[in-house]
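Working notes, structure below.
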Number of protein chains: 8
Amino acid sequence: MDKKISVGIIMGSDSDLPIMQQAAQVLDKFDIGYEINIVSAHRTPAKAHNYATTAEERGLEIIIAGAGKAAHLAGVMASLTPIPIIGVPMQTSLAGGLDSLLSIVQMPSGIPVATVAIGKTGAVNAAILAAQMLSIKFPEIRKKVISYKEGLVKSVEEKSKALENHK
Amino acid sequence: MDKKISVGIIMGSDSDLPIMQQAAQVLDKFDIGYEINIVSAHRTPAKAHNYATTAEERGLEIIIAGAGKAAHLAGVMASLTPIPIIGVPMQTSLAGGLDSLLSIVQMPSGIPVATVAIGKTGAVNAAILAAQMLSIKFPEIRKKVISYKEGLVKSVEEKSKALENHK
Amino acid sequence: MDKKISVGIIMGSDSDLPIMQQAAQVLDKFDIGYEINIVSAHRTPAKAHNYATTAEERGLEIIIAGAGKAAHLAGVMASLTPIPIIGVPMQTSLAGGLDSLLSIVQMPSGIPVATVAIGKTGAVNAAILAAQMLSIKFPEIRKKVISYKEGLVKSVEEKSKALENHK
Amino acid sequence: MDKKISVGIIMGSDSDLPIMQQAAQVLDKFDIGYEINIVSAHRTPAKAHNYATTAEERGLEIIIAGAGKAAHLAGVMASLTPIPIIGVPMQTSLAGGLDSLLSIVQMPSGIPVATVAIGKTGAVNAAILAAQMLSIKFPEIRKKVISYKEGLVKSVEEKSKALENHK
Amino acid sequence: MDKKISVGIIMGSDSDLPIMQQAAQVLDKFDIGYEINIVSAHRTPAKAHNYATTAEERGLEIIIAGAGKAAHLAGVMASLTPIPIIGVPMQTSLAGGLDSLLSIVQMPSGIPVATVAIGKTGAVNAAILAAQMLSIKFPEIRKKVISYKEGLVKSVEEKSKALENHK
Amino acid sequence: MDKKISVGIIMGSDSDLPIMQQAAQVLDKFDIGYEINIVSAHRTPAKAHNYATTAEERGLEIIIAGAGKAAHLAGVMASLTPIPIIGVPMQTSLAGGLDSLLSIVQMPSGIPVATVAIGKTGAVNAAILAAQMLSIKFPEIRKKVISYKEGLVKSVEEKSKALENHK
Amino acid sequence: MDKKISVGIIMGSDSDLPIMQQAAQVLDKFDIGYEINIVSAHRTPAKAHNYATTAEERGLEIIIAGAGKAAHLAGVMASLTPIPIIGVPMQTSLAGGLDSLLSIVQMPSGIPVATVAIGKTGAVNAAILAAQMLSIKFPEIRKKVISYKEGLVKSVEEKSKALENHK
Amino acid sequence: MDKKISVGIIMGSDSDLPIMQQAAQVLDKFDIGYEINIVSAHRTPAKAHNYATTAEERGLEIIIAGAGKAAHLAGVMASLTPIPIIGVPMQTSLAGGLDSLLSIVQMPSGIPVATVAIGKTGAVNAAILAAQMLSIKFPEIRKKVISYKEGLVKSVEEKSKALENHK
């Protein structure tokens, strides 16, 4: 009920919500508290500034930021808070999201953004990466990460067996 | 002597200076006052915020922002001031600056950046574009723009004649 | 009724109309007069030449040119008139419009085109950029630009609240 | 001495001359008359217009146009004359000339440019292609094209033998 | 009825037919005789070899070759016949046909392919380019090329007027 | 003296050492213990397997893996250990490292790699990101991260002032 | 019935099955025995390790590995077994599979992967390439390869004739 | 002394020799007989045709073909002989060899080319891949492949130890 909010999930536009909810669902599985907001680096710079500069004092440990095209949201967060930032590039029409990817990953020296894959896969992986970061401090999350990886093995095994039986 | 400062030239790193000075030299030709600063969107976010939010009241009409890689400087300016922003993508090792270009030009709906060519050419053109924008208000700058274009014709003509004579 | 025509919106093909009408709608919001035409740099070069060379005397302050693939329309305009040109790259099948973008933005030294994002977003932003350029001269347009930006904040805020309530 | 000028070689900048002279040297081999000029689509639009619209009456059969970045020179020629245009994309820092290539080859329906390889190879091949086009009318040029191709075979053979002997 | 066959249209696969028929239709407009065949550089190398080496003696003046991906058809033709070859890159899933384009245009020194735009536009333009090449020899085709270009002007004008009336 | 080894820095080849030492130097600044090894996913798969599967029990909290081209090293680590993996793409001749970047960042669902910028910048940022991750657990590292960011501000300020004085 | 299993077809995800079954169907035509499994380099690293290290002793002569995005499956196989590995890049949204292609083909010195085309074409060709490799040892497979190539000729010929008759 | 020639190494130009000799040196290590020739698909099509169609009867088991830009040499070989073809893309100025890579790897259905990495790495790996293919038939080559891979492990180990000692 009053689970600690450790992760802030933000996105540049409500059109990114179906993608970024994938991150939320994974955090639910890991039982990690999170909040979810729309914060645009470009359209709501004051809100972005406020979000980033209060993140640490509000108890956030990590921010997951999804954005597309000239995707500056993750970079803006990274410039304003010492906590780690994970960037999720949205798929776009330009080569499938190459613009989003390069805008997020090619950060200058001193201000990293931990960038994951483009789109839905990236959103899922952002949440897992957040869990891995938190697992440095929280052994119970480490256990869940290990258990999650074991689940991946089982899931692939079942599909592989279904394939062999089907043949 | 006490020429009005109309254009702010900023860049993300002092390594961009040799490129961005091209813009300054062109503004000198057009007799347009400018200031020049290093402002990093990521390393000095407070300075960037301050620069943008005071730009209009300080009398700046246009900001020219040069940056490379995940080049957010122009976008940050555009999000925080109503005056027009011109973005100059720096050349990088990633396909010659495709990262800089996409990070500057692919801005979201509502927050444009007037993007010019990559590198030195872009810096020159940013200054000319600034002159063109100012020429909407100042007829004397319009005259200089027209004269500048006539100079280009002459310069090409001379080179073409040299070529013909040389043959 | 007899609002001054300040902006010329042109496009290379009538298939670009659904995109370029986005620019017209934004100019309507800003109460800026405009005209809209189909002018092909390649198929109607005389018309293009005529359009550009008479633009200033006809009272146009800015031209917004949308074109795709080997998109030369904006460049042709820029070569023939001293007023600022804004280029809108159309989305294409080649990597989503990389051809249009590079053909517009990579202009040679001396002849800038103010390039915005690819497609619909770019058309909207071209109009806002035009308003920003005009606002150097017209304080009432500056006010509208500021108001427009405040509207963006509100719009994002409402969507963010809807998201929180929905959760 | 008073050989007919059949081919016009033009380029956007005198910096393109070392590349475009390759085309001239090949035309010399084929004993095809040519003229060589600097004509910038963007910096000298009137000259470009004049060059293209008088090309046919001046007796030019083909124009070879070399240009870089947002390379519009070949396209401008193609829009203004019925004679065939060959475009040579210059090497640039953007992915080695991808901007030049796309700006030249992706012409709209109705206005083709015969595009060849980027850089020096392209300049050589532009001249050979011009010879092939002329050989439709002039059987003696066809013979030279055939002889040129035989020369390529011999040249490769000699190098291959040198390699085998060397081994 | 027994119009001379001047142009050979070939394609690597019957799936390219809807695209390459665009070229045929344009040649029909220009009243230029052509033949149309499926010839795969890779799957039917003997046929390709035979097609190219007999092209000149069979009276072909130009070959238009459409192919996709590692598109070698145009290059194989160019290596085996002295007549000019026009290459049409097919659209593919790799960045919209970048593979086809580069495989056709980046020919080595000595063996040019006149490359046009990707896909349907390219097929139309290949036929116009063929007409332009033939017009070096045949004045009546030159007239048709000029008339075709005038038709483009009218077509754009009509659309532009429709747009103005509609407004 | 006997500082705990928290971070493993590995690289695919000794030619990557000048780049990856940048990460080591930054960790030294943060007083974070690390080890440094050459581990090739492809040439020494057993060593890679061993390195990853023993990482957690050996006390490593984070692995920083630098690799180029088909850069699988980070992904192999991520598949075999629950601790977070940071990937540094090496610069290559293919578009400046696009191959390395995509091979590292585009990981499948379930197995994230925290990817940073290409080359030297990425190596520096990988170390800072590692510090940020550790700072979730260790408040003294958080303080150093904040201090490091303040240092960035000062460094830019000094350069900006030097620029102003120099003018 | 108890045909020897010479080829192992593996894929990173069951979503790749419709593509990779193309390879199976071609092997059926060549009467080459194969097994088909889902093996993820990242999600089931132990299975991947086991698959590769037992491949030779289980009698496999060749492994065909299909994977997408940061496609490491083929590379992992190549690092762990001396038998030849064929890699099939899956189509993705990033430029149509450029990520998969580069992740598979750009292997480091010492550990090759025989890479074929992206997607369905690649899966078909992987099987033919496997037959070609086996034909070094087995003359009866060489005969089938030759016969297959003859079939390609006939198939194209029939389509070409249908086209001519249809005209 | 009179070692059987199993592998044909060919290249499109003598400028490719420093790269392709890497393949020869590796084959020497594996004690596999080879011949080396310059054969251009475009400049010497008859030689290319002859080389491919006689390859099998001359006893070649595999052809390694290196070529750049619109690199058709490997594809031409593959279309004319049933033996497996390995393609080595040369580095070029277009994005570092993306043109060579796509021209070689994106072969149509039915005619595979086993493509390896761009440049020197690719030449080395082509030879190792050839050895792996031959090892299907020749157990003594399989042993050498295994031994070669063990050598890679040792070489990396030594460099890693040198690094640790140096620290």
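Every chain is numbered from 1 and lettered A, B, ... according to where its sequence line falls, protein lines coming before strand lines. All values reported here derive from a predicted model rather than from experimental measurement.
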Show your reasoning for whether side-chain contact (heavy atoms from CB on, under 4.5 Å) applies to Val7(G) and Ile32(G). CA-CA 8 Å; Val7(G) 178; Ile32(G) 295 170; 3.9 Å; yes
With a 4.0 Å cut-off, would you call Glu150(G) and Arg43(E) a salt bridge? no
How would you list, by chain and number, every residue that makes a side chain to side chain donor-acceptor pair (under 3.5 Å) with Gln106(G), sequence neighbours excluded? Asp99(F)
Strictly by salt bridge (Lys or Arg N to Asp or Glu O under 4.0 Å), give each pair with a member in residues 13-25 of chain G just once, sequence neighbours left out. Lys159(A)-Asp14(G)
Flag the pair Ile38(E) / Leu163(G) as yes when at least one side-chain heavy-atom distance between them is below 4.5 Å, and no otherwise. yes
With rounding to the nearest 0.5 angstrom, report the CD to CG distance, Gln21(E) to Leu27(E). 12.5 Å
Are there residues of residues 113-144 of chain G whose heavy atoms fall under 4.5 Å of chain E's heavy atoms? If so, which? Ile118(G), Thr121(G)
At what distance, to the nearest 0.5 angstrom, does OG of Ser13(G) lie from CE of Met20(G)? 12.0 Å
What distance separates Ile9(G) CD1 from Ile62(G) CD1, expressed to the nearest 0.5 Å? 11.0 Å
Could you please spell out the steps behind the side-chain contact (heavy atoms from CB on, under 4.5 Å) verdict for Val39(G) and Asn50(G)? CA-CA 10 Å; Val39(G) 180; Asn50(G) 197 47; over 6 Å; no
Would you please go through residues 64-92 of chain G and name the residues with a non-hydrogen atom below 4.5 Å from one of chain E, in numerical order? Gln91(G)
